[in-house]
Amino acid sequence: MSDSMFQEIHIENTNSCGYKCIMCPRDRLTRKIGCMSLGDFSFLLDRIGPFNGTFHLHGYGEPLLDRQLVQKIKLLKKISPLSKSLIFSTLGVRLCEDFFQELIEAGLDSLIISLYGFTRDDYKKIHGYDGFDVVKHNLQLLSRSRKVIPNSFQTYIKIPGRGISPTFMPVAQSSEKIEFCHWAQALGFEIRKWDHLHNYGDGRRFNASNSERVCPVINGRRKSIINITWDFNVIPCCYDFNATICFGNLRKNTLEEIFSSREYFDFIIAHQINNLSGYPICQQCEKFDYS
């Protein structure tokens, strides 16, 4: 596959998640829950071919629930050794003591941690899961593993910034937030702030839709990203959480066939002329591009 057309490939290893975060429209998820097998992952990498860009091994789920994640990263690095691999995670999964060491040794390049609560009560309110102590324990394990294996592995914690309204997301008092951040920084973690929530298409109503802006899948950074669900459907972007728009299925079609399909070109034309009547999930989208 030509790296000139795409810079990132997002592969959803699973759409399973034990969380019910208030900012996530998981309550509206109707598609089948599943996990891509190691055999299917190998088949998919063969379909893609050698790729020197970035692989995101996560989708609309918690990637650490995939017990074959380490093996998948090893396989990925064997087939595409010059590629970069990245996952987003809550870290809210009970793991063995040496899991993060195995993950880093397998070749994972980056781990971004999503965290929106800084006390046990607030964490449970926001994430819908009493996992605060699990997350703190995993942060300690991850910190320990990074010291044992010094390499180019990168990680940081993403937290809500000032732009996120407490009306949508109650957060701990600033003193508790500051205390947690100091604790995490002492473990060696960088803290970065995220200043807005996403609608996830028609999943939420945090932001006003933007009918004048052209979808960045058509004219923006997301044009260079392939999004693949755990069951091989190629969809326009990660905000299509229910995979309502399918350009094709990589179990049946090649990438070349999918990106020259009628479904793909119909999607492009509809956005170019701003006629989204056939794409309900796009009508409420704020059309944010990735920074």
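Counting from 1, the numbers follow the sequence of the chain as shown. If you're wondering where the values come from, they're calculated on a predicted model, not measured in any experiment.
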Is L187 reachable from I191 through a run of hydrophobic residues whose side-chain heavy atoms are each under 4.5 Å from the next?
yes
Polar side-chain atom of S261 near backbone of I258 as donor-acceptor pair, under 3.5 Å:
yes
Going from CD1 on I218 to CD1 on I269, what distance comes out if it is rounded to the nearest 0.5 angstrom?
10.0 Å
Can a donor-acceptor pair be found, under 3.5 Å and without considering hydrogens, that links the side chain of W194 to the backbone of H196?
yes
Do Y279 side-chain atoms and I245 backbone N/O form a donor-acceptor pair below 3.5 Å?
no
Run the ring-centre check on F259 versus F6 and record whether the distance is less than 6.0 Å.
yes
R204 versus L197: any side-chain heavy-atom pair under 4.5 Å?
no
Distance, nearest 0.5 Å, that separates CZ of F232 from CG of D40:
4.0 Å
Between H198 and F288, is the gap from one ring center to the other below 6.0 Å?
yes
K77 atom NZ: more than 12 heavy-atom contacts under 6.0 Å
yes
Is it the case that the side chain of T54 and the backbone of K84 share a donor-acceptor pair, with hydrogens and angles ignored and the cut-off at 3.5 Å?
no
Using a 3.5 Å distance criterion without hydrogens, assess whether the side chain of Q283 forms a donor-acceptor pair with backbone atoms of L276.
yes
Stepwise side-chain contact (heavy atoms from CB on, under 4.5 Å) check, I48 with I226:
CA-CA 10 Å; I48 293 169; I226 304 174; over 6 Å; no
Min side-chain heavy-atom separation R146-F153 under 4.5 Å
yes
Minimum heavy-atom distance between N138 and F100, given as atom pair plus value:
O-CE1, 3.5 Å
With hydrophobic residues grouped by side-chain heavy-atom distances under 4.5 Å, do I112 and L91 end up in a single group?
no
Separation between NE2 of H58 and CG of L65, rounded to the nearest 0.5 Å
14.0 Å
With distance as the sole criterion, is a donor-acceptor pair present between the side chains of E62 and S89 under 3.5 Å?
yes
Which residues pass the side-chain contact (heavy atoms from CB on, under 4.5 Å) test with E97, sequence neighbours left out?
H137, L141, R144
Main chain of T254, side chain of E257: is a donor-acceptor contact present, judged purely on distance under 3.5 Å?
yes
Using side-chain heavy atoms (C-beta onward) and a distance below 4.5 Å, is V214 in contact with Q272?
no
How close do C215 and H271 get, counting heavy atoms only, and between which atoms?
CB-CD2, 3.4 Å
On a heavy-atom basis, the closest approach of I113 and T90 is CG2-O, 4.3 Å
Side-chain (S110) to main-chain (T155) donor-acceptor, under 3.5 angstrom
no
Measure from the side-chain N and O atoms of H127 to the backbone N and O of Y116, and report whether any donor-acceptor pair falls under 3.5 Å.
yes
Quick one: CG on L255 to CD1 on I9, what's the gap to the nearest 0.5 Å?
7.0 Å
Can you name the closest pair of heavy atoms from R31 and F241 and give their distance?
NE-O, 2.8 Å
Side-chain contact test, heavy atoms from C-beta onward, threshold under 4.5 Å: evaluate it for C24 versus Y19 and give yes or no.
no
Quick check: does any side chain N or O of N199 sit under 3.5 Å from a backbone N or O of Q284, one acting as donor and the other as acceptor?
yes
Answer yes or no: is there a side-chain heavy-atom contact under 4.5 Å between P63 and L57?
no
N253 side chain to G248 main-chain N or O, any donor-acceptor pair under 3.5 Å?
no
In this structure, are over 12 heavy atoms from other groups packed under 6.0 Å from K223 atom NZ?
no
Is there a side-chain contact (heavy atoms from CB on, under 4.5 Å) between R28 and D202 once you walk through the steps?
CA-CA 10 Å; R28 300 186 59 186; D202 61 354; 4.1 Å; yes
Measure the shortest side-chain to side-chain distance between M23 and I126 over non-hydrogen atoms and say whether it is less than 4.5 angstrom.
yes
Flag side-chain contact, heavy atom, 4.5 Å: L75 against K72:
no
Decide yes or no on side-chain contact (heavy atoms from CB on, under 4.5 Å) for D122 and F118, but give the supporting numbers first.
CA-CA 7 Å; D122 277 349; F118 307 98; over 6 Å; no
Compare all side-chain heavy atoms of V234 with those of Y264 and state whether any distance is below 4.5 angstrom.
no
Connected hydrophobic set around L82, excluding itself, where side chains approach under 4.5 Å:
none
In Å and rounded to the nearest 0.5 Å, what is the OH to CG distance from Y60 to N242?
8.0 Å
If you draw a 6.0 Å radius around CD in Q154, do more than 12 non-hydrogen atoms from other residues or ligands fall strictly inside?
no
Provide the closest heavy-atom pair for Y239 versus I281 in the form atom of the first, atom of the second, distance.
O-CD1, 3.6 Å
Euclidean distance, C181 SG relative to E176 CD, rounded to 0.5 Å:
12.0 Å
Linking I/L/V/M/F/W/Y whenever any side-chain heavy atoms sit under 4.5 Å apart, do I104 and L95 land together?
yes
Return the minimal non-hydrogen interatomic distance between E286 and A208, and the atom names on each side.
CB-O, 3.7 Å
Salt bridge D27-K20, side-chain N to carboxylate O under 4.0 Å:
no
So V135 and Y129, side-chain contact (heavy atoms from CB on, under 4.5 Å) or not? Walk me through it.
CA-CA 11 Å; V135 172; Y129 172 70; over 6 Å; no
Other residues, nucleotides, ligands: >12 heavy atoms within 6.0 Å of E179 CD
no
Kindly assign one of parallel, tilted or perpendicular to the pair F55 and F51, based on the angle between their ring planes and the thresholds 30° and 60°.
perpendicular
Would you kindly say whether D231 and T229 are connected by a side-chain donor-acceptor distance under 3.5 Å?
yes
Shared ILVMFWY cluster between Y156 and L86, side chains joined below 4.5 angstrom?
yes
Report yes or no: do F189 and F132 belong to one cluster of Ile/Leu/Val/Met/Phe/Trp/Tyr joined by side chain heavy-atom distances under 4.5 Å?
yes
